[in-house]
Undergrad: 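Below: one structure in structure tokens.
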Amino acid sequence: MPNLNIQNIRRDFPQLHRVVYNRPLVYLDSGNTSLKPQIVIDAVNQINSLETANIHRGTHYLSEVATKKYEDARLKVKNFINANQLSEVIFTKGTTEAINLVAQTFGRAMIGAGDEIVLTQMEHHSNIVPWQMLAQEKGVVLKVVPVNDDGELDLGAFHQLLSKNTKLVCVTHVSNALGTVNPLSEIIDASHAVGARVLVDGAQAVPHLKVDVQALNCDFYVFSSHKLCGPTGVGVLYGKKEVLERMPPYQGGGDMIAQVTFEQSTYAELPHKFEAGTPNIAGVIGFGAALDYVDALDWEAVEHHENDLLAYGTEQLALVKGLRLIGTAAKKCSVLSFVITGVHPHDIGSIVDRQGVAIRAGHLCAQPIVNRFGVPALARASLAFYNTKEEIDSLVNALNRVVEVMGV
Ligand code: PMP
């Protein structure tokens, strides 16, 4: 039987023990950004207080220490997602930058007028707008896979949208708005069968599911440190080496070159070709500490606990007067999005906030899918392994207060 000692885990997260508006904080916004365990805070403090130095180009002791820790973090990412090679792990400043990198390099170099990119209706804005920008510049055609009333992809429509013109399929692993877990193997296999590459947005998946990029066989997989217990300002682009090697560099500058003259420059090998300038050194090292932390958890137990919380939350929220859950896919994780008849989600967010319960309300950076469900916005509670059933009870009590105050 998988086992997770939640009370011990909760001791590792200082923010779980703070008070807001004179109430204990109930943090149900980890899909937005997760809390950080003490070892991450300590790792970042250590760099900033005692080990500040630049990486890769220094010749002194502290520069070597910082370089080693930075490159160790890359190794931890490689192992975490089971990449085949270290050079397939590129540090970026987040999921958003990783997708823009692919759009600006792979997209501009390898996708042209009349070619097609397939997206889904449930993508985050960061997996829509960079492709629209590319489409406008290059005359690329965007095709969108629709979503059914439960929040699942219409796979029949997906297969029909694929053609020999499809050059890239961009799909989220887990939807931030609905919690839907998408059937990646089917999507990736079918895309490869027509010769298209696949980019998976893993921002909402890596905190909840064990990811193996080689087993998935995706071409790109992107995610952010800050949703996985690490610092903000750090993300990862995983790409298959043979694809990354053929892509032109993203930004020009220090660290990404081999030789520079005024006549011409040559570029560094992977992964440095895509990491121009001084990166977020402390952030990357802090992310390495976050990966040590999550790696030490029993992942089977994490999935079991989170599924339990999701089932409990689904059942309890259904009892709140006027509440409608949005996102009822058969395979989902970590997200409880909802509306309450007659109450704007922003009001829901503000009223529960006053009771110490932090949730998200708004379009969740996914306007197309919110529009699809015919609502102006959503309220969203998002779960992490450090949450408890008692916290879901606090959310439900707070929502009953919303119902009372707003006279639903
Ligand atoms: N994709 C998904 C599915 C997300 O949930 C998010 C963050 N809300 C992003 C992309 C963007 O991540 P970031 O802001 O860290 O770049």
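Ligands are counted one by one from 1 in listed order, and the atoms in each one are counted from 1 as well. Residues take their numbers from the sequence shown, with the count starting at 1.
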Undergrad: Any nitrogen or oxygen of Glu97, main chain or side chain, under 3.5 Å from a nitrogen or oxygen of ligand 1?
TA: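 No, no N or O pair falls under 3.5 Å.
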Undergrad: Tell me: protein heavy atom nearest atom 8 (N) of ligand 1, and distance?
TA: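 Of the protein heavy atoms, Lys227 NZ, 2.8 Å lies nearest.
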Undergrad: Starting from atom 5 (O) of ligand 1, find the nearest protein heavy-atom neighbour and note its residue, name and distance.
TA: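 Answer, as residue, atom name and distance: Gln204 NE2, 2.6 Å.
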Undergrad: What residue and atom, counting heavy atoms only, is the protein's closest point to atom 4 (C) of ligand 1, and at what distance?
TA: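 The closest heavy atom on the protein side is His124 CD2, 3.3 Å.
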Undergrad: Is Asp201 near ligand 1, meaning one of its heavy atoms is under 4.0 Å from it?
TA: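 Checking ligand 1 against Asp201, which is what was asked, there is a heavy-atom contact under 4.0 Å.
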Undergrad: Please identify which atoms of ligand 1 are closer than 4.0 Å to at least one heavy atom of Ser224.
TA: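 So the answer, numbered in order with elements, is 12 (O), 13 (P), 15 (O), 16 (O).
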Undergrad: Is Arg380 close to Val335 at the side-chain level, that is, under 4.5 Å between some pair of heavy atoms?
TA: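 A side-chain contact exists here, since the closest heavy-atom pair is under 4.5 Å.
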Undergrad: Charged N to carboxylate O under 4.0 angstrom, Arg360 versus Asp29?
TA: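 Result for this pair is no, no salt bridge flagged.
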Undergrad: With atoms numbered from 1 as shown, which atoms in ligand 1 lie under 4.0 angstrom from a non-hydrogen atom of Thr96?
TA: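 Selected atoms, number and element: 11 (C), 12 (O), 13 (P), 14 (O), 16 (O).
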Undergrad: Check for me whether Ser126 has a heavy atom closer than 4.0 Å to any atom of ligand 1.
TA: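 The answer is yes: ligand 1 sits under 4.0 Å from a heavy atom of Ser126.
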Undergrad: May I ask you to decide if the ring planes of Trp299 and Phe80 are parallel, tilted or perpendicular, using 30° and 60° as cut-offs?
TA: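 Ring orientation of Trp299 relative to Phe80: perpendicular.
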Undergrad: For a 4.5 angstrom cut-off between non-hydrogen side-chain atoms, does Tyr267 reach Met256?
TA: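 SC-SC contact between Tyr267 and Met256 confirmed.
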Undergrad: I'd like to check Val200 versus Phe223 (side-chain heavy atoms, cut-off strictly below 4.5 Å). Are they in contact?
TA: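 Val200 vs Phe223: side chains apart.
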Undergrad: By the definition side-chain contact (heavy atoms from CB on, under 4.5 Å), identify the one residue from Thr95, Asp201, Leu364 that meets it with His124.
TA: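 Per the side-chain contact (heavy atoms from CB on, under 4.5 Å) rule, the option paired with His124 is Asp201, out of Thr95, Asp201, Leu364.
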Undergrad: Should Lys93 be listed as contacting ligand 1, given a heavy-atom distance under 4.0 Å as the test?
TA: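 The answer is no, since Lys93 has no heavy atom less than 4.0 Å from ligand 1.
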Undergrad: Would you kindly say whether Tyr250 and Thr92 are connected by a side-chain donor-acceptor distance under 3.5 Å?
TA: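 Per modelled atom types, Tyr250 and Thr92 side chains form no pair under 3.5 Å.
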